[in-house]
Amino acid sequence: SVVGSMVQSLIEDFNTPFNVISLSAQMLACEVKNEKALHYCQSIEQQIDHMVKMANDISDYVQGQKAQKIERFLLSELFGLFQELNPIPLEDENYDITINTEDTLIEGDKHKLLRAIQSLVYNATQALKKDRVSGEPRGHITITGKPDGNEVLITVEDNANGIPQKFRADFFKPFSGEGKENNIGLGPAIAKSMIEAHKGTIHFETETNKGTTLFVRIPQKQEYQAVS
């Protein structure tokens with residue numbers, strides 16, 4: 001499609017500066033001896049790698065591609081990676097984030113599941129930033145991951161004002177961003193696509209002035225061969 005070609009062209013343009021930044025961080029890491037500075041260099045490389053994968057996810061989505069790299073890992077590893085890659089959202093003055101998870105084994109594409117969780121949590125943070133007014137208590141987001149029969153249940157719960165009625169039917173459709181700042185509305189749509197590619201399901205429960213909870217269910221084992 002035209003949109004897919006445009007997105008792919010933009011991603012290719014981004015690759016050059018991404019590679020330059022990554023290479024610069026690697027070269028700087030070879031020169032520094034300070035442990036803290038070395039950590040920052042490694043963090044830059046990690047974030048650039050993640051940004052490249054995110055860009056490729058968007059490209060795959062608009063082109064209808066659902067390729068996955070299946071591996072076996074603990075659910076707690078997935079949430080640990082989320083915390084490692086998202087230090088700033090976890091320390092925002094508008095809200096607190098609590099993460100509860102268990103050491104449950106799961107099969108899937110770790111990066112794509114991480115991307116889905118990030119999208120859902122980002123949506124919750126934007127809702128809290130939008131709905132909080134001066135003097136109100138801090139917002140709160142609770143992320144939970146646990147086994148449920150042969151599935152893994154992941155929930156993202158917030159205490160914002162709930163999804164407006166007029167946006168509920170189209171919440172998982174692309175470009176329905178509820179008018180939130182800097183949000184074009186692709187996050188929930190891409191998250192849904194990634195979850196369904198894992199033979200999973202996603203839905204939400206929301207109540208005006210109470211908040212929203214997103215429910216993700218994914219089979220612990222995928223139907224195809226996992227990579228050890």
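Side-chain atoms are counted along with the backbone in the values below, which use heavy atoms only and exclude waters and symmetry mates.
Asn100 contributes atom CG, which lies 12.5 Å from atom OG of Ser76 (distance to the nearest 0.5 angstrom). Expressed to the nearest 0.5 Å, how far CD1 of Ile99 lies from OG1 of Thr144 amounts to 9.5 Å. Summarising the geometry, atom CG belonging to Leu114 is positioned 10.5 Å from atom CD belonging to Glu84; distances are rounded to the nearest 0.5 Å. Rounded to the nearest 0.5 Å, atoms CD1 (Ile154) and OG1 (Thr101) are 7.5 Å apart. Once rounded to the nearest 0.5 Å, the distance linking CD of Gln118 with NE2 of His111 reads 8.0 Å. The CG atom of Asn123 sits 7.0 Å away from the CG atom of Leu214 when rounded to the nearest 0.5 Å.
The shortest side-chain heavy-atom distance between Met194 and Ile190 falls under the 4.5 Å cut-off. Side-chain contact between Leu78 and Leu113 is present, with at least one heavy-atom pair separated by less than 4.5 Å. Side-chain atoms of Glu196 and Thr201, non-hydrogen and from C-beta on, never get closer than 4.5 Å to each other. At least one side-chain heavy atom of Val152 sits under 4.5 Å from a side-chain heavy atom of Leu75. Looking only at side-chain heavy atoms (C-beta outward), Phe215 and Val156 stay at 4.5 Å or farther from each other.
Between Asp109 and Ile70, the shortest heavy-atom contact is N-CD1, 3.9 Å. When all heavy atoms of Phe171 and Pro188 are compared, the pair lying nearest together is O-CB, 3.6 Å. For the pair Tyr122 and Thr125, the tightest heavy-atom approach, listed with the atom from each and the gap, is O-OG1, 2.7 Å. Here the closest non-hydrogen pair linking Gln220 and Gly149 is OE1-O, 3.2 Å. Gly187 approaches Ser119 most closely through the heavy-atom pair O-CB, 3.6 Å. Closest approach of Ile163 to Thr206, counting heavy atoms only: N-OG1, 2.9 Å.
Residue Lys110 qualifies as enclosed at atom NZ: its count of foreign heavy atoms under 6.0 Å is above 12.
Judged by distance alone, with hydrogens and angles left aside, the side-chain atoms of Asp158 form no donor-acceptor pair with the main-chain N or O of Ile141 at under 3.5 Å. The backbone N or O of Thr212 sits nowhere less than 3.5 Å from a side-chain atom of Glu157 that would complete a donor-acceptor pair. Judged by distance alone, the side chain of Glu107 and the main-chain N or O of Gln222 form a donor-acceptor pair under 3.5 Å.
Between Phe172 and Phe204, the angle of the ring planes lies from 30° to 60°, which puts this pair in the tilted group.
Sorted by first and then second residue, the salt bridge (Lys or Arg N to Asp or Glu O under 4.0 Å) pairs with a member in residues 143-152 read Asp148-Arg217, Glu151-Arg217; sequence neighbours excluded.
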What do the steps show when you test Lys221 against Asn150 for side chain to side chain contact (heavy atoms under 4.5 Å, CB included), and what is the final call? CA-CA 8 Å; Lys221 292 186 177 182; Asn150 294 325; over 6 Å; no
Q: Give the intermediate values and the outcome of side chain to side chain contact (heavy atoms under 4.5 Å, CB included) for residues Ile218 and Lys199.
A: CA-CA 7 Å; Ile218 300 170; Lys199 311 300 181 185; over 6 Å; no
Could you go through the side chain to side chain contact (heavy atoms under 4.5 Å, CB included) check for Phe82 and Val121 one step at a time? CA-CA 10 Å; Phe82 171 82; Val121 174; 3.9 Å; yes
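No single ILVMFWY cluster, assembled from side-chain heavy atoms under 4.5 Å apart, contains both Ile143 and Leu153.
A search for ring pair (Phe, Tyr, Trp, His ring centres under 6.0 Å) contacts involving Phe73 returns nothing, not counting sequence neighbours.
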